[in-house]
Amino acid sequence: MDKALEKFGNDIAIAFSGAEDVALIEYAHLTGRPYRVFSLDTGRLNAETYQFFDTVEKHYGIRIEYMFPDAVEVQALVRSKGLFSFYEDGHQECCRVRKVRPLRRALKGLRAWITGQRKDQSPGTRSEIPVVQVDPVFEGLDGGIGSLVKWNPVANVEGRDIWDFLRAMNVPVNSLHSKGYISIGCEPCTRSVLPGQHEREGRWWWEDAKAKECGLHKGNIKQEEGNQSNGNGAAHSNGTATETDIFTSKHLVTLNRTGIENLLRLENRHIPRIVVLYAPWCQFCQAMEGSYNELADKLAGSGVKVGKFRADGEQQEFAQNELQLGSFPTILFFPKHSSRPIKYPSEKRDVDSLMAFINALR
């Protein structure tokens, strides 16, 4: 903890929600160094969790930086699918709106973050967590893959040792723990566990036990060779997935196979276009969802059209042969008065980098 805070200073923050995370705050407090703490308020937490947050702030004399979901996105989800759709079609869509996208915004302002992940929390997804890693999913302040460092200081610590530390240091904890809750998330998706049950059995108990990640640590979920995994842990041998689509700005055009073929044939375009070749299950596509939607909104009315083409499954061979698809996501710019699209060469997929690419070619 001391090394992380020394190296990154004000550009690192502790992601706080539960027992392991308050242990991290205690460790940070013991270093004597300044530290930042942020938390995701999904709007569906238990009352006890909100009381816990308030107690932690007063105990350490800090202000937690709360991140909230976009109200319009939450409203659209609830209006279209109801308050409890996750019981029917999986928790990933709700978690993406209420947790993943707010987390993405938080991490865009950092160069590193600290989590309370432990290997023994979830043998199915967390058994190989390193203490320090390049974040495999999210982007940091500088943009692009590799721009964010992820610290997991208690990766090799067992849960009982965390609790021994909390009791020894008289650290505040969530009162739900005394009622049989061990791993605590949103109220509708968390329940107490019985003695002998694993702590993650109280989270999303109606789903596959091997894929119990909300998306905050989706890089932990391994894909079986020859298969691609969707957000609910279901693998499809042809690379397709049933996961909810991504890139949903109203200023963004969805292209089908015929549409992208027609675009390829045009030798004298009057309107330039930028198109992302994507797969909704791809963690790197998901990581750039916010920036690409923002790009579409920014370019609305500018004379540059923004589009997307789903290039996995049966479309993948065509995309590889005709559209320069190497890996997901691949971004192409179709300039005016030219037949050949130009492939975006950078791993940086923030709005400013994409705009620089477009402005250089338009």
Item to check | Exam field: side chain Arg104 to backbone Ala287, donor-acceptor pair closer than 3.5 Å | outcome: yes
Checklist entry - Does the distance from a Lys or Arg side-chain N to an Asp or Glu carboxylate O, for Arg160 and Asp164, drop under 4.0 Å? => result no
Next on the checklist: For a quick test of reading the model, state the closest non-hydrogen atom pair linking Asp21 to Thr115 and the distance between them.
Outcome noted: OD1-C, 4.4 Å
Next on the checklist: Tell me the closest heavy-atom pair linking Thr42 and Cys186, and the distance in Å.
Outcome noted: OG1-SG, 3.1 Å
Item to check | Leu323 side chain reached by Thr330 side chain, heavy atoms, under 4.5 Å | outcome: no
Item to check | Polar contact flag, side-chain donor to acceptor under 3.5 angstrom, Arg310-Gln315 | outcome: no
Checklist entry - Are any side-chain N or O atoms of Asp135 and backbone N or O atoms of Lys150, one a donor and one an acceptor, separated by less than 3.5 Å? => result no
Next on the checklist: Taking the side chain as everything from C-beta on, heavy atoms only, tell me whether Asn10 gets closer than 4.5 Å to Arg36.
Outcome noted: yes
Checklist entry - Does Arg349 pair with Glu347 as a salt bridge, N-O distance under 4.0 Å? => result yes
Next on the checklist: Quick one: does any side-chain atom of Asp245 pair with a main-chain N or O of Pro280 as donor and acceptor, under 3.5 Å?
Outcome noted: no
Item to check | Other residues, nucleotides, ligands: >12 heavy atoms within 6.0 Å of Lys7 NZ | outcome: no
Checklist entry - Roughly how far apart are Asn46 CG and Ile184 CD1, rounded to 0.5 Å? => result 7.0 Å
Next on the checklist: If we ignore hydrogens and angles and just use 3.5 Å, is the side chain of Gln51 paired with the main-chain N or O of Ser175 as donor and acceptor?
Outcome noted: no
Item to check | Co-membership, hydrophobic cluster, residues Tyr35 and Val131, 4.5 Å side-chain | outcome: yes
Checklist entry - Out of curiosity, does Ile358 fall in the hydrophobic cluster containing Phe334 (side-chain heavy atoms, cut-off under 4.5 Å, transitive links)? => result no
Item to check | Least distance between heavy atoms, Arg98 atom then Pro69 atom | outcome: CA-CB, 3.7 Å
Next on the checklist: I'd like to check Ile246 versus Cys285 (side-chain heavy atoms, cut-off strictly below 4.5 Å). Are they in contact?
Outcome noted: yes
Checklist entry - Are the side chains of Tyr278 and Tyr292 in touch, meaning some heavy atoms are under 4.5 Å apart? => result no
Checklist entry - Would Trp281 and Phe328 count as a close aromatic pair, with their ring centres under 6.0 Å? => result yes
Checklist entry - Stepwise, does the side-chain contact (heavy atoms from CB on, under 4.5 Å) test hold for Phe86 with Trp204? => result CA-CA 9 Å; Phe86 38 82; Trp204 310 296; over 6 Å; no
Checklist entry - Taking Lys343 for the side chain and Gln324 for the main chain, is one N or O donor matched with an acceptor at less than 3.5 Å? => result yes
Next on the checklist: Less than 4.5 Å apart, side chain to side chain, heavy atoms only: is that true for Asp70 and Arg101?
Outcome noted: no
Checklist entry - Can you check salt bridge (charged side-chain N to carboxylate O under 4.0 Å, His left out) on Arg118 and Glu158, steps first, answer last? => result CA-CA 7 Å; Arg118 304 189 330 269; Glu158 294 187 2; over 6 Å; no
Checklist entry - Can you find a pair of side-chain heavy atoms, one from Val37 and one from Tyr60, that are under 4.5 Å apart? => result no
Checklist entry - Can you check whether Gly185's main-chain N or O pairs, donor with acceptor, with Thr190's side chain at less than 3.5 Å? => result yes
Next on the checklist: I'd like to know whether Met169 forms a side-chain contact (heavy atoms from CB on, under 4.5 Å) with Leu30, so could you lay out the CA-CA distance, the side-chain angles of the two residues, the decisive distance to 0.1 Å, and finally the verdict.
Outcome noted: CA-CA 11 Å; Met169 304 304 292; Leu30 290 172; 4.2 Å; yes
Checklist entry - Could you go step by step and tell me if Lys298 and Leu295 meet the side-chain contact (heavy atoms from CB on, under 4.5 Å) rule? => result CA-CA 5 Å; Lys298 184 173 287 191; Leu295 179 75; 5.6 Å; no
Checklist entry - When rounded to the nearest 0.5 angstrom, what distance separates CG in Leu148 from CZ in Phe138? => result 9.0 Å
Next on the checklist: Please check if the number of heavy atoms outside Arg191 that lie under 6.0 Å from its CZ is greater than 12.
Outcome noted: yes
Next on the checklist: For the residue pair Arg257 and Phe318, would you count it as a cation-pi contact if the rule is NZ or CZ under 6.0 angstrom from the ring centre and within 45 degrees of the ring axis?
Outcome noted: yes
Item to check | From Ile64 atom CD1 to Phe38 atom CZ, the distance as rounded to the nearest 0.5 Å | outcome: 11.5 Å
Checklist entry - Do Pro335 and Arg269 come within less than 4.5 Å of each other through their side chains, counting heavy atoms only? => result yes
Checklist entry - Do the ring planes of Phe84 and Tyr87 sit parallel (below 30°), tilted (30 to 60°) or perpendicular (above 60°)? => result parallel
Next on the checklist: Testing the basics here: between Ser85 and Lys81, what is the closest heavy-atom pair and its distance to 0.1 Å?
Outcome noted: CB-O, 3.5 Å
Checklist entry - Atom OG in Ser327, atom CD in Gln320: separation rounded to 0.5 Å? => result 10.0 Å
Next on the checklist: Show, in sequence, the C-alpha distance, side-chain angles and deciding distance for Gln75 and Val72, and conclude whether the side-chain contact (heavy atoms from CB on, under 4.5 Å) test is met.
Outcome noted: CA-CA 5 Å; Gln75 179 176 288; Val72 175; 5.6 Å; no
Next on the checklist: If hydrophobic clusters are built by linking Ile, Leu, Val, Met, Phe, Trp and Tyr wherever their side-chain heavy atoms come under 4.5 Å apart, do Leu110 and Val351 end up in the same one?
Outcome noted: no
Checklist entry - From Ile162 CD1 over to Glu26 CD, what is the distance, rounded to the nearest 0.5 angstrom? => result 11.5 Å
Checklist entry - Is the Tyr344 ring parallel, tilted or perpendicular to the Phe357 ring (thresholds 30°, 60°)? => result perpendicular
Checklist entry - Using 30° and 60° as the class limits, which term best fits the ring planes of Phe16 and Phe52: parallel, tilted or perpendicular? => result tilted
Next on the checklist: Is there a path of hydrophobic side-chain contacts, each under 4.5 Å between heavy atoms of I/L/V/M/F/W/Y residues, joining Leu361 to Leu263?
Outcome noted: no
Next on the checklist: Restricting to non-hydrogen atoms, name the atom on Phe68 and the atom on Asp41 that form the minimum distance, rounded to 0.1 Å.
Outcome noted: CE2-OD2, 3.3 Å
Checklist outcome for this item: Distance col, row Leu5:CG vs Ile114:CD1, nearest 0.5 angstrom, shows 5.0 Å
Next on the checklist: A quick test of your reading: do over 12 heavy atoms of other residues, nucleotides or ligands sit less than 6.0 Å from CD of Glu317?
Outcome noted: no
Checklist entry - Are Ile331 and Met288 close enough that some pair of their side-chain heavy atoms sits under 4.5 Å apart? => result yes
Checklist entry - Can you name the nearest heavy-atom pair linking Leu40 to Leu45, along with the distance? => result O-CD1, 4.1 Å
Checklist entry - Can Val137 be reached from Trp113 by stepping across I, L, V, M, F, W or Y side chains whose heavy atoms are under 4.5 Å apart? => result yes
Checklist entry - Would the number of heavy atoms belonging to other residues, nucleotides or ligands and lying under 6.0 Å from NE2 of His251 be above 12? => result yes
Next on the checklist: Is it the case that the side chain of Asp350 and the backbone of Ser353 share a donor-acceptor pair, with hydrogens and angles ignored and the cut-off at 3.5 Å?
Outcome noted: yes
Item to check | Donor-acceptor contact present, side-chain Lys305 to main-chain Ile271, <3.5 Å | outcome: no
